[in-house]
Each structure stands twice: as C-alpha cells, then as structure tokens.
4 protein chains.
Amino acid sequence: MSPRRTPHATRRSDRSRRAVQDAVLTPVGEAGYARTTVEAVAARAGAGRQTIYRWWPSRAAVLMDAFLDRSARRAAEADAAGEGGRSGVPDTGDLAADLKAVLRATVDELNDPATDAPVRALTAEGAVDPEFGARFVEELLEPRLRTYVTRLRAAQRPGQVRADVEPRIAVELLVAPLTHRRLLRTLPLTHAYADALVDHALRGLSPRA
Amino acid sequence: MSPRRTPHATRRSDRSRRAVQDAVLTPVGEAGYARTTVEAVAARAGAGRQTIYRWWPSRAAVLMDAFLDRSARRAAEADAAGEGGRSGVPDTGDLAADLKAVLRATVDELNDPATDAPVRALTAEGAVDPEFGARFVEELLEPRLRTYVTRLRAAQRPGQVRADVEPRIAVELLVAPLTHRRLLRTLPLTHAYADALVDHALRGLSPRA
Amino acid sequence: MSPRRTPHATRRSDRSRRAVQDAVLTPVGEAGYARTTVEAVAARAGAGRQTIYRWWPSRAAVLMDAFLDRSARRAAEADAAGEGGRSGVPDTGDLAADLKAVLRATVDELNDPATDAPVRALTAEGAVDPEFGARFVEELLEPRLRTYVTRLRAAQRPGQVRADVEPRIAVELLVAPLTHRRLLRTLPLTHAYADALVDHALRGLSPRA
Amino acid sequence: MSPRRTPHATRRSDRSRRAVQDAVLTPVGEAGYARTTVEAVAARAGAGRQTIYRWWPSRAAVLMDAFLDRSARRAAEADAAGEGGRSGVPDTGDLAADLKAVLRATVDELNDPATDAPVRALTAEGAVDPEFGARFVEELLEPRLRTYVTRLRAAQRPGQVRADVEPRIAVELLVAPLTHRRLLRTLPLTHAYADALVDHALRGLSPRA
DNA sequence: ACATAATCGAGACGGTACGTCAGGTCTTTTT
DNA sequence: AAAAAGACCTGACGTACCGTCTCGATTATGT
C-alpha cells in the first residue's frame, strides 16, 4: 500500500467537502477553468486554501470530484423520477428511437454551459495529464459507454444489429462524433444531428445490395 | 486604422523565427505543454523573450505556428515523394481501401509522440480558449476533413455511397472515433481499428434487408 | 467580571506542564526560537497543541515560563548549596571583589548556550512586543538589578561608594555593558572584561584630583 | 568568491530601490515590524514582490538597508549643516560637555518612534540571527562607537582621562546603559539621565582618595 | 557607404497564482 | 473536565511564470 497521501478521512468535515465542491462548479461554468483560482474557490466555499490542498492533489481533481458527485446525484434523481428503470439507454424494442432519445438528451446536456464548461476543462486537463485523464475516462466516460454496449448487445440477439458488429466500435461511431463537434466546436450540436448520426450509423454508407 | 499589431515583417529575423519554432516542439513533446515555459523556449532558441512576444500573441500561438509549419513542410515532402498527387484521400476506385489507407496513415502519425504531444496540447488549449480553438480547427482540421468530403462526394456519383448520405456526417463517423480514442486514451490506435471503423461505417449496423 | 482566561488550574496536569516547559528550551537552544514551532514543542512534549494554548497565551509565554521556572530552580539549588545566604550580590566587605564575583558568574552563565539562546529569544521578543517585554523585565531583570542596588546602598553607608551616586545608574553602568556585548555580539565576554568593568566604574574615567 | 546571489546591479532600477526603502520605514514605525509584511511594502512602493526578493535576502535586510541609507543621508545632511565638522563626538575641550551633548542627541533620536521602531526590529532580528546581527553591528554600531573612542583618546593626551583607562570599555560604560534602557524599556530616556551617566562614568563610584 | 531605425538577446519590472508553513481555534474521542 | 490528536480558517511566505518595459549591441535597409 502506498503511504496515505491524504489524512484520516474519518475526521474530514463533510461541510467543507460539499462547500468546496459546490464552489468550484459555478465559476468554472461562468468564467472558465483557467480563470478559476484555488483561492477563489476556497473563498466562495468559506474554506481555507489549505483545506483544499489537504484533500485534493490539484485544482483539476477538485473539479473532477465535484463533477462526478453532481453527475452521480443527477443520475440518482433521474432513476428515482423514472419508472424504476436504471439510468442507461432505454430499451423499447425500437433501437433507432432509443439511441436517438439518448443522444438527443446528451446533446441537450452538452449544450448547457453548466455541463459543457466542466467537461471541457476536465477533458483538456486529461488530454495533457495521462493519469488524470485515466481517472476521467474510468469514472465518467466508460460507465456511460458500457450502457450503449449493453443496449447494442441486446439488439444483436433478435438480429436488429448484425452479429458481426463489434459493439464497442459501434458505440464509438455514435458517440465520438458528438464529442468531436462539441470539443472542437466545428458545428452546432442539434437534435437533427443526433438523429442523422443514428441513421447513418445504422444504415451505413454503402448502398444496400 | 488599428495600430499595427505586429511590426514590419520585412525586418523579421528568419533565423530566430525558425529557432523559436524548432525550440517549442521538442519540450512540448517531452515535458508536455504545461511545463514548457516561454522563458525555456526563448533560452533554447537563443532568443530573447520579447522576440517571441513581438511576433506571437501567446505561447499557444507559437506552438500552433510551429506545428502548422511542420505539417505543411511534411505534406509538401509527401506530395513530392508521391506520384505527383495532391495530399488528400487517394482515389483508386476502391473506396474502402482508400479510406483504410488514409486512416492507417493517420493512426501511425498519431502514434508518434512527436505528433501526438503537440496535437494534444493544441486541442486542450483550443478546448478551453474558443478563439484559439477556432484557429486550430480552421487551419488544421477542416482542410483535412474537406479531403474526405471530396472523396466521398466522388464516391456518390458512381453510387458507391448512397445519395442520401451526408458526406460531412459520414466523415465524422470515420474520423471522430480516432480522435476520441487518441485524446481520451481509452483504447490503443491500431491499423485493425482503422479497418474496422471503415467496415462498420460503410456497411452500417443494421442487417441488410 | 472577565470570563476566566484559563480553566480550573486545579485540574491541570502537572505532567504535561513540565513536559511542555522541558520541551521548549532544548529546540530554542539548538535551532533558535524562530524555528521552534508550537507543533514541534507539543510533539516533543507528547502533548496536544490545544493543551499549550489552554494554559499559555502565546509561544513566547511558554518559553518565558519555562525559563523563569528553570532560573528559580537553579537559584534555589545555588542557595541550598551556598552557605545559607540568599542568592544575590554577596557582601564580604570588599565591594570590588563582590561585584567581580557576581559579574564573572554572570559571564559564565551567559556564555552557556543553554542560557544564552533563551535569553536572546526572550529579549528579542520583548524588544518587539512591549507587553511581553514588560513581563520579562519585571520577572527576570528587575529582581536581579535590585540585588545590585541593595549591595551598592550597603556600600554607601560606610562610604565605600560616594553618597551622591545614584545606585540605579551605577547598576546600569556595571550590567548594561554585559548585555550590550552579549546581545550584539560585539566582543567576547570574559572574566577579564567583568573585572575591567568593575574597575573602570568604581574609579571613573577622570583622573583623581 | 561566492556565486553572485543577486543579479547584475547595473540593470537595477533605482526608482524601485528607493521606493522600497521608503516604503518599509513608515509601516515599521507605525505598526511595528511584525505587522509589516513584504506584500504591504511592495504594494506601498508600487513594486512587485519579486523585485524585493530579487535584491534582498529577507524582510529584515530590506529594513536594514533602508535604515542604513537613511542614517547615512541624515549624517551627510548634519555634516553639511554643521560648520564643516565631521559627524562624531565634538571636541570643545570640555569632555563632559561634549559627551553630554552627544548622548542627549542620541536620547532625542531614540525617543523618536521613527528611529526607535526600526532599531528595535533590527536589534531583535540581529539577536536571533548572528549573521544579520554582525552586519548591523559592523555597519551601524561600530562606526558610531569609534567616534567615542577617538574622542576619549584625544582626552587622554592632555590627561583629562586617565591613561590606564581602556577607551573601548569607557565607551561601553557610556553607551550601553542607553541601549539597555531603551531596548528593555526599564525606565524613560531623558537628558537628565544622559547627564547623570556621563557624571557617574567620569567621576566613578568610589570616593576620591 | 553609411546613417538610422527597427530588431535582437538579455533581463529587470509589476503582477497573479501557486503550493507550503505555522499560528491559533474548534471538534472529536479517550482517559 | 482535561487530555491527545488533528482538521479547520487565516494569512504570510517565497517561488514560478506571465507579459511588458527598458537597455546596449546588432543588423538590415534606403538613401
């Protein structure tokens, strides 16, 4: 075991933990990550700077924790609100419709600066810091991708998706273009775009034989 | 008239321009962009710091220029070496083969740290700074994407690609997953992956009717 | 009534009081006062930091108490060892010899780092913090000076010291130069120096008429 | 030679050097040394903090330089104002009067907080940091003491001071009590006290034979 | 060819944020 | 109730870079 980097979690003040997490998301959404200083986060949280450095190794780690926490909370709420279904890609039997529903929801989410700014910052940080990126991928991205894989596997059994399709690659076909447009700001993210992605991916580019 | 942002370009020392561009790519590749200070670049280039700030608006801009320059030089070399064709997606008549060739080449390029590190840094910077990102997209990404669009349009005429396919979306289907894997380091980039992407995109996920 | 600053002294743990006092003098002597943190003293004493702040108002106060305690203990020992006389300037009838004896003893004491370092720290603190300095003077310095005054007064009765001499000023003539040399480290403190001080002060600078 | 701690003095901005020196004395005099932060000095001087750290090794060093500079400037002014005499102990032929004049002037100087506070801080710092104290003594104290030694030597030739008097010790008899009273704040510094010191020191404590 | 003016390397400058350290207070658990 | 332990807020520290601003010492025209 590595020597404990952080002190006893037992004594940790839950009040300040929450306050800091709340305090980091707003300024990142408003002024951007680069302009969000540790000092400012601490001040807004009514916390000391040292309290932040005691529990998080870096500014980016604070943001990640805060974002993960919020995501988890929102997922829990969504599950509670829904008719008991687990958060993930729905399965109504109509694959195209299900994928479009999820991708449209993702489009809406990403068009909200409160989500876009943190994700953008976390992705940028992860692009440059491999260790950080790994955590981002493991904890945020992969769980999400797995829900697509599950849905696609389910669609393969009745033959709605060809058996020789690799679900992982199929997922990337659907999801990567969204990330691409959003992160690089090439073109706007719309529901129409989400639909078009699904249609193109399902039917393929080649003419039917 | 706005006061000239940059001084007489005529007087510019080509020696220092090249020296600075050379001096920025290495440390970015080795230590990462964040740890590459302007001071370090200036020292390595045997230049004064002011010389950098005189000609470039920011550290990121230096990197972008250096990278664009190198890309342009390499493209020129490639064209010279090739059978006279313009750099872009080749057109042998076999669309799948052509796409696989280009994507495989891209995979090789991106697996080279000398390319990966700068692109990573530029993407990260662009993700956070919209203006910078715009330049990155315009000057580096879009020209490349246009070559795919051209090739796909060419394939639509003989009916190798369905007429109702939107080339732009098709391109993203092919290219975005590469960026996704590379930037987020989810899974390794291989030739097999490039081939699989082309196959899945062309044939689609749904079974042939 | 003012709210009790300190808690019930009855409950106070004598073990920790002594442990803290012991724990402060060593590091001050070795590393200097500035580098002696409250945390370090507490750790060395096996005490909690709050235990220190509960009983002393500041770091300097701990040092002062510790030093006063040790001084008192040493004086008691000296008195016990001596021929029953109270600690102070002896009175053998020979004023010059008595003064030299005391000043030589003081020189020896001050040349011991175990005394020098704390006194130095306390003086420095007192120089900057008037309230603290006042306590230092009252509790440590003045009692000592009074013993000289007493001895000088005794010498005035038989005419060994002129009647128009102000004892207080005479004391300062004898004692201040020692403090001066020690604190400012201008020249070494020696027995010869102590003797010379006494001789010069008694006989004066002017020639005898 | 030690590797240059400080950068090329040639390029040093005289403006900021003076500004910093001016900016440190006022708050030290008003709020005390402990409450005078580097940041505050920098702000008051309109300088960056790094500019201070570039040229001075510590906060105390800034204060010392500032104080030395001011002392030198004042001495120069005094010499210019006087009838051509060098700053030092005057020599009218009447030793007692000359000494009283100088000591009275010293008393006045030390009763001015603008002098007292910095000297107090410098002495305290020097008491704890030997290297610092050495500089303080060499550059400020010893030159002053030498002027007394000179005057006393001059008084020895005509026999106004006994030949067997050691001037250095005589000086300390006169000067140390002032420092003692001032630094330890035992009793107020007055002209009467200065006079009494001179009288006692010259005539001695013992009765004239 | 030469004056002259802009660029160059160098590096100090005013700043901003960093991450650390210690002070003194508050809280939790143990004695 | 006081103790040990240790997290908390505060605030100063000294450092690292930023981007700007001088400074002589080179260039490179443009007369």
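Everything quoted here is computed from the prediction, not taken from an experiment.
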Check whether any side-chain heavy atom of Arg17(A) lies under 4.5 Å from a side-chain heavy atom of Trp55(A), and answer yes or no.
-> no
Salt bridge present between Asp14(D) and Arg18(D) (N-O < 4.0 angstrom) = yes
Would you check if Thr115(A) and Arg70(A) make a side-chain contact, meaning some heavy-atom pair closer than 4.5 Å?
-> yes
Judged by nearest nucleotide, the residue sitting upstream toward the 5' end of DNA chain F, Arg15(C) or Arg59(D), is Arg15(C)
Give the rounded distance in Å between these two atoms: CZ of Arg54(B) and P of dG11(E).
-> 16 Å
Between Gly48(D) and Ala42(B), just flag the one whose closest nucleotide in DNA chain E comes earlier from the 5' side.
-> Ala42(B)
In short, Pro118(D) meets Pro113(D) closest at the heavy-atom pair CD-O, 3.7 Å
Taking DNA chain E as the partner, which of residues 120-134 of chain A come within under 4.0 angstrom of it by heavy atom?
-> none
Hey, could you give me the CD/CG distance between Gln21(A) and Leu63(A), rounded to the nearest 0.5 Å?
-> 10.0 Å
Could you give the distance from CG (Leu25(B)) to CG (Asp69(B)), rounded to the nearest 0.5 Å?
-> 9.5 Å
Counting side-chain heavy atoms from CB outward, which of dC8(F), dC18(F), dC13(E) is closest to Ser16(A)?
-> dC8(F)
Considering non-hydrogen atoms only, spot the tightest contact between Gly29(B) and Ala117(B) and give its length.
-> CA-CB, 3.4 Å
Considering only heavy atoms, which members of residues 26-41 of chain A lie under 4.0 Å from some atom of DNA chain E?
-> Thr37(A), Val38(A), Glu39(A)
For dC8(F), does OP1 or OP2 lie under 4.0 Å from any side-chain N or O of Trp55(A)?
-> yes
Side-chain heavy-atom pair Phe67(D), Leu140(D) within 4.5 angstrom cut-off | yes
Look at the side chain of Arg44(A) and the backbone N and O of Val24(A), then say whether any donor-acceptor pair between them is shorter than 3.5 Å.
-> no
Closest to side chain of Ala47(D), choosing from dA7(F), dA3(F), dG14(E) = dG14(E)
Angle between terminal axes - the helix from dA1(E)-dT31(F) to dT31(E)-dA1(F), 5 pairs each end, rounded to 10° = 20°
Can you list the residues that meet the side chain to side chain contact (heavy atoms under 4.5 Å, CB included) rule with Glu30(C), with sequence neighbours excluded?
-> Thr26(C)
Please tabulate, for side-chain N and O atoms in residues 127-138 of chain C, each donor-acceptor pair with protein atoms closer than 3.5 Å (sequence neighbours left out).
| unit_1 | atom_1 | unit_2 | atom_2 | d |
| --- | --- | --- | --- | --- |
| Asp129(C) | OD1 | Glu131(C) | N | 3.1 |
| Asp129(C) | OD1 | Phe132(C) | N | 3.2 |
| Arg135(C) | NE | Glu139(C) | OE2 | 2.7 |
| Arg135(C) | NH2 | Asp65(C) | OD1 | 3.0 |
| Arg135(C) | NH2 | Glu139(C) | OE2 | 3.3 |

Is it true that a side-chain atom of Tyr33(B) and a backbone atom of Ala60(B) form a donor plus acceptor pair closer than 3.5 Å?
-> yes
How does protein contact run along nucleotides 20-31 of chain F, one letter per nucleotide 5' to 3', with B for base contact, S for sugar-phosphate only, - for none, heavy atoms under 4.0 Å?
-> BB-B----B---
Taking CD1 from Ile52(C) and P from dA2(F), how many angstroms apart are they, rounded to a whole number?
-> 17 Å
For Val20(D) and Val41(D) the tightest heavy-atom approach is O-CG1, 4.0 Å
If only side-chain N and O atoms of Thr51(C) are considered, is one of them under 4.0 Å from the OP1 or OP2 phosphate oxygen of dA4(F)?
-> yes
